[in-house]
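A short worksheet on the structure shown next.
Model, not experiment: these values are computed from the prediction.
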Amino acid sequence: MKLEEKLEHNESLVGKSRPCLHDRHQANGRKPIANGNPRMNGQVEVYEKQEANGKGDRLRKCLNLYTWQEIQRHNQEADQWLVIDRKVYNVTDWAGKHPGGHRVLNHYAGQDATDAFRAMHLDLSIVQLYLKPLLIGELSPEEPSQEKNKNNTVFVGDDHADLNTGTQKKTKANLEPTKEELGPQLVEDFRELRKTLEAMNMFSANLWFFFLHLAQILILEVLAWLILCHFGSGWIVTILISFLLTVSQAQSSFLQHDIGHLSMFKKSKWNHLMHKFVMCHLKGLSADWWNYRHFQHHVKPNIYPKDPDIDVGPLFLLGDTQPIKYGKKKIKYIDYEKQHLYFYMVALPLLMPVYFNLQSMQVMYLRKYWTDIAWVSSFYIRYFITFGPFYGIFGTVLLIYLVKFIESPWIAYVTQMSHIPMKMSREENHDWLSTQIVATCNIEQSFFNDWFTGHLNFQIEHHLFPTMPRHNYHKVAPLVKSLCAKHGLQYINKPILKAFGDIVRSLKKSAALWMDAYYE
């Protein structure tokens with residue numbers, strides 16, 4: 001089906017005829033404008049561009065015009081529309097083919113996805129080719145570029161907002177201008193910041209940095225094997241090589257995280273290939289499983305039920321709303337009063353060897369990720385060849401899971417300290433910057449913290465710019481902090497030990513909310 005025919009077909013699916021963009025404004029004797037300005041985001045009028053090119057004139061003139069009220073009705077899994085740069089796309093049939101998983105698209109159904117689209121993709125020119133057949137129209141000129149609630153700034157901070165009620169406190173800092181004026185300005189300022197960072201080459205990777213990081217991982221694995229060859233497989237040697245392999249595995253987790261976000265190479269295909277090598281071959285976990293899960297977390301962090309990282313009920317109750325919901329319904333699967341204690345006994349040691357490992361295997365099998373299955377098989381084959389002669393098959397399996405067991409608290413602390421203590425809520429559909437800021441916090445920078453966390457001590461910068469190489473986070477942080485200060489958003493940066501403690505304190509707070517609701 002030709003593109004023109006596809007658009008005509010999509011128009012028929014809407015159920016009613018709409019005036020063409022060109023015809024509508026020709027009748028009014030004027031050119032199309034948006035909110036009183038020529039074509040938002042500096043774009044030239046569509047029909048002028050096509051007339052200059054001498055092709056596609058009728059196709060582009062006859063795009064349907066939609067209001068936000070109409071678009072927001074298409075927010076179901078079987079009917080998904082979204083908006084990117086004021087263009088309306090029907091992604092219903094494409095969702096199942098989306099490389100980042102269908103749920104990421106569904107999370108933005110009926111919404112503006114412009115900033116999320118830019119943040120998560122490496123080469124927009126290539127992605128645009130996939131968008132063209134999905135185009136069904138654009139926003140009506142009188143409509144704002146984002147939903148109205150995204151044009152309202154949500155202030156965060158002790159003197160700006162009450163996170164529990166969502167109410168905004170008036171201070172001198174936010175009396176003028178009004179929040180209706182600040183919202184669009186915040187979005188515009190953030191997009192200008194991204195353009196500035198692109199001009200500064202902050203999205204260009206230093207390949208030597210990643211090469212040295214990979215070398216560290218491989219050297220540790222080779223060193224463990226050489227020690228075993230030279231000194232035998234006694235208990236002391238086993239403990240020593242387990243420690244070396246744990247460091248290697250943890251650093252592999254951070255490296256695969258970088259590559260999964262396409263931040264190493266300029267070409268996506270090389271990132272995908274290297275991700276298979278690091279995640280599947282070096283760690284024994286599915287790369288596709290990780291991406292589909294992790295991308296959902298990035299586009300909707302700390303949002304129920306869209307972020308899988310906080311969907312840990314009924315084992316743990318997180319945030320403020322989930323504990324109250326369970327309490328009012330008198331749900332008590334386990335003793336939630338003590339959840340901060342069994343966090344140490346369950347979550348820390350079992351995150352990697354049980355939860356992640358079993359979920360990865362389950363998803364690979366059920367979704368038939370044959371490529372990942374082959375790569376993961378090479379991980380186990382490599383271990384059996386390397387360590388099998390010293391420990392046997394059963395002993396090698398025990399070694400693999402001993403290393404995962406030791407690695408688990410490390411990864412659990414690093415990944416949870418920046419999110420569990422932060423705000424959790426249901427979908428509020430705010431702008432990209434506000435959504436990420438309220439759900440993330442930073443950890444103070446030091447050489448050790450950078451290495452120990454894989455630069456995830458800069459979670460704010462990472463969430464705002466997922467494809468940015470991590471060695472540039474510290475350069476970007478002052479600019480992000482300045483932007484947050486300008487718009488009254490709280491930029492949290494805390495010591496690492498306090499961040500560890502905040503996880504437990506948050507669990508205790510959630511447990512107290514559950515108790516109050518349960519026993520009332």
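A distance of 9.0 Å separates CG of Asp288 from NE2 of His272, quoted to the nearest 0.5 Å. Put simply, CZ on Phe254 and CH2 on Trp410 are 6.0 Å apart, with the number rounded to the nearest 0.5 Å. Between Phe316 atom CZ and Tyr342 atom OH the span is 5.5 Å, to the nearest 0.5 Å. In this structure, CG on Asn472 lies 4.5 Å from CE on Met202, to the nearest 0.5 angstrom. With rounding to the nearest 0.5 Å, the separation of CG in Leu489 from CG in Leu483 is 7.5 Å. The CG atom of Asp123 lies 10.5 Å from the CG atom of Leu262; values are rounded to the nearest 0.5 Å.
Aromatic ring pairs are classed by plane angle as parallel below 30°, tilted from 30° to 60° and perpendicular above 60°; the pair His261 and Phe295 is tilted. Ring-plane geometry between Tyr391 and Phe387 is classed as tilted, the angle between the planes lying from 30 to 60 degrees on a 0 to 90 degree scale. The aromatic rings of Trp514 and Tyr519 stand perpendicular to each other, their planes meeting at an angle above 60°, with 30° marking the opposite boundary. Tyr473 and His455 have perpendicular rings, their planes meeting at more than 60° on a 0 to 90° scale where under 30° would count as parallel. The aromatic rings of His294 and His462 sit parallel, their planes meeting at an angle under 30°, below the 60° perpendicular limit. The aromatic rings of Phe277 and His281 sit parallel, their planes meeting at an angle under 30°, below the 60° perpendicular limit.
A distance below 6.0 Å separates the ring centres of Tyr130 and Trp94. Taking the six-membered ring for Trp and the full ring otherwise, Phe379 and Tyr383 have centroids separated by under 6.0 Å. Aromatic rings of His107 and His102 (six-membered ring for Trp) have centroids beyond the 6.0 Å cut-off, not under it.
In this structure, the side chains of Gln111 and Val83 stay at 4.5 Å or more apart for every pair of heavy atoms. Glu520 has its side chain out of reach of Met515: every pair of non-hydrogen atoms, C-beta onward, lies at least 4.5 Å apart. Residues Asn302 and Ser425 are not in side-chain contact: their nearest non-hydrogen atoms beyond the backbone lie 4.5 Å or more apart. With a 4.5 Å cut-off on side-chain heavy atoms, Asp450 and His471 do not count as touching. The shortest side-chain heavy-atom distance between Cys280 and Ser378 does not fall under the 4.5 Å cut-off. The closest side-chain heavy-atom distance from Ile496 to Met417 is below 4.5 Å. Taking the side chain as every heavy atom from C-beta outward, Pro469 and Phe210 approach each other to under 4.5 Å. When side chains are defined from C-beta on, Ser418 does not count as touching Leu456, because their heavy atoms never get closer than 4.5 Å.
Gln339 places a side-chain N or O within 3.5 Å of a backbone atom of Leu507 that can act as its donor or acceptor partner. Looking only at distances, a side-chain donor or acceptor of Gln251 sits under 3.5 Å from a matching main-chain atom of Trp451. With hydrogens and angles ignored, the 3.5 Å screen pairs no side-chain donor or acceptor of Thr467 with any backbone N or O of Ser263. A distance-only check finds a donor-acceptor pair linking the side chain of Arg194 to the backbone of Arg118 [under 3.5 Å]. Asn442 places a side-chain N or O within 3.5 Å of a backbone atom of Ile460 that can act as its donor or acceptor partner. With hydrogens and angles ignored, the 3.5 Å screen pairs a side-chain donor or acceptor of Glu147 with a backbone N or O of Asp112. Under the 3.5 Å distance criterion, the side-chain polar atoms of Gln80 are matched with a main-chain donor or acceptor of Asn106. Side chain of His121 to main chain of Phe117: a donor-acceptor pair is present (N/O by atom type, distance under 3.5 Å, no hydrogens or angles). At least one donor-acceptor pair closer than 3.5 Å links the side chain of Ser242 to the backbone N or O of Thr238. A donor-acceptor pair is defined here as one N or O able to donate and one able to accept, closer than 3.5 Å; such a pair exists between the side chain of Thr415 and the backbone of Ile411.
Nearest heavy-atom pair across Pro349 and Phe405 is CB-CE1, 3.3 Å. Nearest heavy-atom pair, His275 versus Ile259, reported as atom, atom and distance to 0.1 Å: N-CG2, 3.5 Å. For the pair Ile310 and Ile303, the tightest heavy-atom approach, listed with the atom from each and the gap, is CD1-N, 3.6 Å. Shown here for Ile331 and Tyr336, the closest heavy-atom pair between the two residues is O-CE1, 3.9 Å. Shortest non-hydrogen contact noted between Ile217 and Ser252 is CG2-OG, 3.2 Å.
Residue-environment remark: NZ (Lys338) stays at or below the threshold of 12 foreign heavy atoms within 6.0 Å. Summarising the local packing, CD1 of Ile393 is surrounded by 12 or fewer heavy atoms from other residues, nucleotides or ligands at distances under 6.0 Å. Heavy-atom contacts from other residues, nucleotides or ligands closer than 6.0 Å to CZ of Phe500 number more than 12. Taking a 6.0 Å sphere around CD1 of Ile236, one finds it holds 12 or fewer heavy atoms contributed by other residues, nucleotides or ligands. At most 12 heavy atoms of other shown residues, nucleotides or ligands fall within 6.0 angstrom of atom CZ in Phe211.
At a threshold of 4.0 Å, the pair Lys300-Glu427 counts as salt-bridged, since one of the basic side-chain nitrogens sits closer than that to a carboxylate oxygen. Checked for salt-bridge contact, Glu461 and Lys475 miss the test: no charged N lies under 4.0 Å from a carboxylate O. Of the charged side-chain nitrogens involved, none lies within less than 4.0 Å of a carboxylate oxygen, so that Glu337 and Lys508 do not count as a salt-bridged pair. The existence of a salt bridge linking Asp320 and Lys509 is confirmed by a sub-4.0 Å separation between a basic side-chain nitrogen and an acidic carboxylate oxygen. Checked for salt-bridge contact, Asp309 and Arg293 meet the test: a charged N lies under 4.0 Å from a carboxylate O.
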Practice prompt. Take Ile437 and Ile492 through the side chain to side chain contact (heavy atoms under 4.5 Å, CB included) test and state the conclusion after the steps.
Written response: CA-CA 9 Å; Ile437 289 293; Ile492 298 177; over 6 Å; no
Worksheet item: Given the rule in the side chain to side chain contact (heavy atoms under 4.5 Å, CB included) test, do Lys276 and Asp372 qualify, once you have shown the distances and angles that lead to the verdict?
Response: CA-CA 7 Å; Lys276 297 290 187 187; Asp372 279 14; 2.3 Å; yes
Worksheet entry | Evaluation steps, side chain to side chain contact (heavy atoms under 4.5 Å, CB included), between Arg367 and Tyr292 | CA-CA 12 Å; Arg367 298 183 183 177; Tyr292 294 168; 3.6 Å; yes
Worksheet entry | Stepwise side chain to side chain contact (heavy atoms under 4.5 Å, CB included) check, Trp370 with Lys368 | CA-CA 5 Å; Trp370 301 119; Lys368 297 178 174 59; 3.7 Å; yes
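Judged by a 6.0 Å distance limit and a 45° cone about the ring axis, Lys330 is positioned over the six-membered ring of Tyr518.
Side-chain N/O atoms of Ser434 and Asp431 include a donor and acceptor closer than 3.5 Å.
Tested against Ser248, the residues Lys283, Glu407, Glu221 include a single side-chain contact (heavy atoms from CB on, under 4.5 Å) partner, Glu221. Remark: of the listed residues Trp81, Tyr108, Tyr89, Trp81 is the sole one forming a ring pair (Phe, Tyr, Trp, His ring centres under 6.0 Å) with His74.
Under the salt bridge (Lys or Arg N to Asp or Glu O under 4.0 Å) criterion, Lys498 pairs with Asp502, not counting sequence neighbours.
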